[in-house]
Structures are given as structure tokens and as C-alpha cells.
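So you know, we letter chains A, B, ... as the sequences are listed, proteins then strands, and number each from 1.
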Amino acid sequence: MLDIKFIRENLDLVKENIKNRNMTANADLAVFLYDEKNSLQQEIDSLRQKRNANAALMKGKLSPEERAVLIEEGKNLKEKIAELEKLFAEKEAAYSTAILEIPNMAHPEVPVGKEDKDNTEIKRVGKIPSFNFKPKDHVELGEALDLIDFETAAKVSGPKFYYLKNDAVFLEFALIRYTLDILRKKGFTLIETPDIAKEEVAAGIGFNPRGDESNIYTVEGTGTCLIGTAEITLGGYYADKIFDKSNLPIKMAGISHCFRREAGAAGKHSRGLYRVHQFTKVEMFVYCLPEESDSFHKYLLETEEEIFRGLDIPYRVVDTCSGDLGASAYRKFDIEAWMPGRENGGDWGEVTSTSNCTDFQSRRLGIRYKTDNGNKFVHMLNGTAMALSRALVCIFENFQQEDGSILIPRKLIPYTGFDRIGGKV
RNA sequence: GGAGAGGUGUCCGAGUGGUUUAAGGAGGCGGUCUUGAAAACCGUUGACGUGCGAGCGUCCGUGGGUUCGAAUCCCACCUUCUCCGCCA
């Protein structure tokens with residue numbers, strides 16, 4: 001969430017930002033409710049002060065008459081306080097709802113636009129492969145080589161689930177190990193996180209676990225949800241923590257399963273492994289000082305590129321436009337890899353995403369660091385190191401051969417132990 | 001899952017209704033002393049809200065309740081430890 005004082009002092013900018021993001025949050029309402037809540041709080045505080053003073057008068061020995069007068073006074077105060085406290089709770093809930101709907105501000109360089117086609121392409125790397133045969137998509141390849149089974153998964157678990165089989169399992173583990181090796185060399189702390197988190201933590205990160213629009217599965221009756229990304233468990237890791245400046249920055253690499261409802265997502269764009277209810281992901285997460293977050297954002301993007309470049313898959317980088325930014329993000333870069341089986345003749349598909357969320361998450365989660373001028377909120381950033389399901393799409397489709405086999409990217413061979421799936425043995 | 005015992009400030013730990021404005025100790029920071037360090041001694045040391053400020057308010061696992069007044073009494077929940085059961 002944003003600082004209410006910032007909202008008040010920059011009301012026009014905040015409103016413009018909400019509009020640019022295609023959102024409907026009401027900044028005026030948040031400020032209004034804050035003032036109401038605040039004046040009520042002051043009223044309650046002064047009554048409490050009277051109550052405390054009254055109680056203090058009763059510490060010593062008093063005549064029964066004197067005591068009776070004080071008790072009567074105390075009872076009156078108690079009633080008034082209870083009344084106002086009830087009202088306050090209502091105001092506070094309304095205020096909380098209002099301010100939580102307001103999205104993070106955007107980096108001045110974020111392109112203004114409504115949807116993903118308004119994103120700015122920053123660069124392209126690698127050469128789009130040309131095939132002298134008709135390339136298949138990963139679904140056909142996976143079925144032909146007995147690597148992915150969607151049909152049985154649909155029967156057992158429902159649509160948008162899959163079984164990975166045979167060498168695809170080794171390939172997935174190879175990708176994980178390849179990624180973790182790079183991240184450890186770069187000084188990330190490796191963490192395997194829980195796949196379940198409390199709803200309040202998910203909400204603090206900016207995922208709303210409730211409601212029809214939620215992309216998150218809740219676990220009934222437990223107050224918890226299946227995580228949509230390790231961003232939730234990594235961001236919640238230091239909730240309520242006050243860092244010493246010397247502890248920062250902190251770089252974490254978390255591996256988890258990710259669960260997404262993806263309600264209503266169907267069609268060509270979402271075919272096969274591209275959009276599924278469950279996948280495995282290695283996620284990077286950084287806690288740092290505010291003045292460092294822009295450069296750490298670039299660092300996360302560079303790391304994503306380094307990992308992806310090692311797979312010899314062509315990709316481009318886009319600077320996400322305002323309308324396509326999540327509520328928490330100040331700025332977001334995506335890597336889109338070339339997927340020859342996508343659309344007709346291939347298309348770009350998102351494989352990583354890195355966001356600088358500045359202090360939007362830390363303010364809600366209470367993650368701070370000490371300064372000479374009091375405690376300040378840290379900046380928090382996240383980035384995909386490796387989303388396994390989408391990486392498999394890229395490898396299958398880009399490295400398919402005319403005989404139906406799939407070559408393994410050079411750098412992965414030490415991890416897989418084989419250099420080709422299918423075809424000649 | 002059953003039985004029992006706990007959860008207090010950065011840490012340890014005292015505190016069972018109003019001299020607690022949370023004792024005491026450790027650690028941290030500042031100082032005295034010292035060539036320097038250690039020791040000793042003195043001082044200081046939480047968070048949040050609000051207010052220009054002095055200040056005021058809130059926070060003793062969480063949420064309710066009792067009371068003029070709650071760290072302290074009651075209820076529910078969470079969580080840690082010990083033992084038993086079950087289990088990869």
C-alpha cells in the first residue's frame with residue numbers, strides 16, 4: 001500500500017496513476033476516511049487519558065464516598081469509549097479497504113498504455129530458428145515422445161494439469177539445478193519454500209486470495225491459500241522485521257510449486273503447458289535500500305537474461321506499460337521467448353517477469369531498516385529465474401528436429417546426462 | 001490426535017488486579033579510567049499512531065470478555081516444548 005500522507009500531498013499524481021493503470025480506486029475517499037478515522041482516534045485517546053487518570057486516583061486509600069464518585073466517573077468514561085471504539089472499528093475497516101485498492105506509483109519511464117501490446121520492446125537477443133519442415137507445438141511433441149500427458153491429468157485432476165514423464169522429468173530437474181547453480185554463484189541464498197501461505201501474507205504481497213477475480217486457491221477453513229508464486233513466501237519471510245542497514249541487501253532464490261486458478265483462461269494462447277494450474281518455479285527475491293532498487297531491478301533482469309541466454313533460446317525484453325502492471329509493481333520487465341508452436345508460425349511468449357515493488361509491499365508487511373532518522377521501509381523486488389513449464393515449451397519447440405526428436409541445449413547436457421530426447425538412440 | 005507445561009522488550013528473565021511510569025541481568029551504544037585493550041564504574045538503549053511541540057494514546061502470542069482499573073482474572077484460537085499415539 002501507499003503512504004496515506006504521500007497520497008494526500010500528491011493527490012493529482014495518484015489519481016492520474018490510477019487512471020493510467022485502468023483501475024478504479026478512489027484516492028479522495030481514502031483521504032477522507034483517513035481524516036475521519038484520525039479525528040475519532042484523537043477523541044478516543046483523550047477519553048482514554050481521562051480514564052487512566054481516573055483509575056490512577058484510586059490507587060491509594062480513599063473514603064467509600066470518594067471512591068464511589070470516582071467509580072461512577074469511570075463507568076461513564078467506559079461507556080463513551082466503548083461507543084466510539086465501535087464506530088472507529090467501522091471507519092478503520094472502510095479506510096483500510098479504500099487505501100489497499102490504490103496501486104503503487106509507476107516509474108517515470110513506464111510507458112503509458114492499456115494492454116500488453118502497448119509494452120515497449122527494449123531489445124532482442126538470438127536468432128529466430130527457421131525450420132525446413134513444419135514445426136510442431138510442444139503439445140504434439142510432448143505426446144509423440146511420451147513426455148507430457150494432458151489427457152490423463154484432465155481425468156485425474158481436471159483441465160490444465162499435466163503429467164510430466166520420462167526424460168521430461170530429468171529435463172525439468174536439469175533446468176532447476178542449472179538455474180540454482182548460477183544463482184548460488186551470484187550469492188543468492190537458496191530456499192525451498194512452503195507451497196501454502198496465510199491469506200494475510202498473500203494479501204500483503206498484493207495477491208487478493210478472495211473473490212471471483214482471484215487467481216489463488218484458498219484452502220477451505222484454514223485461513224491459508226496455495227501460493228501462486230514463491231514471491232509470497234519469500235516476501236513474507238521477513239514480515240515485521242527491522243533490519244540493521246548492514247544486513248541489506250538480501251538476495252534469495254526460492255523454489256516452490258505455483259498454483260493458479262486461471263479462471264476463464266482458455267484458447268490458443270493458453271494451450272498446453274503455457275497456462276496451467278500448477279507448475280514449478282525458481283524465483284529471485286531482493287530486499288534492499290530504496291536508493292538501490294532501480295539498479296537491483298536491472299540486476300535481476302540481467303540475471304534472467306544470463307539464465308535464458310544459456311539455453312540458446314531467442315528472446316526479447318519488454319518494459320511493461322502502465323495498464324499491464326500489477327498493483328504492487330513500480331516497474332516491470334518481462335522476457336518473452338520465441339515459441340515456434342505459438343499462433344501460426346510462432347510468437348513471443350512471456351517466460352520471466354521482474355518487478356520493482358519499491359516500498360508498496362514492505363509498508364503493509366512492516367519490513368523496515370534502521371536509519372538515524374527513524375525506521376524506513378525497505379524496497380522489495382522479485383523476478384522469475386526459471387518457470388519450468390514455460391521453459392519446457394521453449395526447449396521443445398525451438399530444438400525440435402525433423403525426425404521428431406528434441407535436442408538438449410548445450411549447457412544443460414551436463415545436468416540431463418543426455419543430449420537428445422527421442423529420434424536415433 | 002491425547003496428556004502436561006510454556007509464550008513478557010534485541011536476548012535471558014521477574015511480575016497472579018491499583019506504589020510496574022514492565023524489576024533485574026546480558027548484549028548494543030556513549031563516557032570515565034588506560035599507551036591500547038580487558039575489567040570496573042557512570043549514563044543510555046523498543047515499536048506504532050497522533051500533535052509544531054511539551055505531551056498523549058496503543059502494544060506483555062492473537063482475538064474476545066469481566067472490571068472504575070488487566071501483563072495479571074475468564075473464554076476461544078494460534079504457537080513452542082515434553083511424553084504418548086500415528087506416520088514419510
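Atom CZ in A:F243 sits roughly 16 Å away from atom P in B:A47 (whole-Å rounding). Rounded to an integer number of Å, the gap from CG of A:D244 to C1' of B:C29 is 12 Å. Taking atom CD1 on A:I4 and atom P on B:C48, their separation rounds to 18 Å, with Å as the unit. We find that CZ of A:R368 is positioned 8 Å from C1' of B:C48, with the value rounded to whole Å. A:L77 has its CG atom 15 Å from the C1' atom of B:G57, to the nearest Å. Atom pair A:D3:CG and B:G49:C1' shows a separation of 13 Å (rounding to whole Å applied). In this structure, the CZ atom of A:R363 is 10 Å from the P atom of B:G49, given to the nearest Å. B:U10 atom P lies 15 Å from atom CG of A:N247, rounded to whole Å.
Here A:Q42 lies in heavy-atom contact (under 4.0 Å) with sugar-phosphate atoms only. Counting any heavy atom pair closer than 4.0 Å across all strands shown, A:K5 reaches sugar-phosphate atoms only and no base atom. Within the nucleic acid shown, A:N38 comes within 4.0 Å of sugar-phosphate atoms alone, with no base atom in reach, counting heavy atoms only.
For the P atoms, the distance from B:C86 to B:A14 is 37 Å, rounded to whole Å. Between the C1' atoms of B:A26 and B:C84, the separation comes to 38 Å (whole Å). Taking atom P on both B:U79 and B:A47, the two are 29 Å apart, rounded to the nearest angstrom. With both ends at atom C1', the span from B:C48 to B:G43 equals 27 Å, rounded to whole Å. Going from the P atom of B:A71 to that of B:A23 covers 14 Å, rounded to whole Å. Going from the C1' atom of B:A54 to that of B:C59 covers 23 Å, rounded to whole Å. Nucleotides B:A22 and B:C77, compared at atom P, are 31 Å apart to the nearest Å. Here, B:C74 and B:U20 have their P atoms 24 Å apart, quoted to the whole Å.
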Heteroatom pairs (N/O) under 3.5 angstrom, protein to nucleotides 61-70 of chain B:
residue, atom, partner, partner atom, Å
B:C68, O4', A:I71, O, 3.4

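Of the candidates B:G49, B:G57, B:A47, the closest approach to any side-chain atom of A:N52 belongs to B:G57.
When only modelled atom types and interatomic distance are considered, A:E36 and A:Y95 share no side-chain donor-acceptor pair under 3.5 Å. Checking A:D149 against A:T152 by side-chain atom types alone, a donor-acceptor pair falls below 3.5 Å. Defined by atom type and a distance below 3.5 Å, a donor-acceptor pair is present between the side-chain atoms of A:T229 and A:K281. A donor-acceptor pair shorter than 3.5 Å can be found between the side chains of A:H277 and A:Y217.
The main-chain N or O of A:I205 is found under 3.5 Å from a side-chain atom of A:Q361 such that the two form a donor-acceptor pair.
Cation-pi contact between A:K251 and A:F188: present, with separation from the ring centre below 6.0 Å and deviation from the ring axis of at most 45°. Relative to the ring axis of A:F279, A:R390 does not place its NZ or CZ within 45° and under 6.0 Å from the centre.
B:G53 is unpaired under the criterion used here, namely a Watson-Crick or G-U wobble arrangement in which both key atom distances are under 3.5 Å. B:A23 makes up no base pair with any nucleotide shown, lacking Watson-Crick or G-U wobble contacts both under 3.5 Å. Of the nucleotides present, B:C68 is the one that pairs with B:G18 by Watson-Crick or G-U wobble criteria, both distances under 3.5 Å. Pairing for B:A38 is absent, judged as Watson-Crick or G-U wobble with the two contacts each under 3.5 Å. The pairing partner recorded for B:U44 is B:G28, the criterion being a Watson-Crick or G-U wobble arrangement whose two distances lie under 3.5 angstrom. Applying the Watson-Crick and G-U wobble criteria (two distances, each under 3.5 Å), B:C77 pairs with B:G61.
Remark on RNA chain B: of its neighbouring residues A:D45 and A:N375, the 5'-side contact belongs to A:N375, judged by nearest-heavy-atom nucleotide.
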Let me see the working for A:N54 and A:E73 under side chain to side chain donor-acceptor pair (under 3.5 Å), right down to the final yes or no. CA-CA 8 Å; A:N54 185 256; A:E73 171 69 10; 5.2 Å; no
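A distance below 6.0 Å separates the ring centres of A:Y287 and A:F285.
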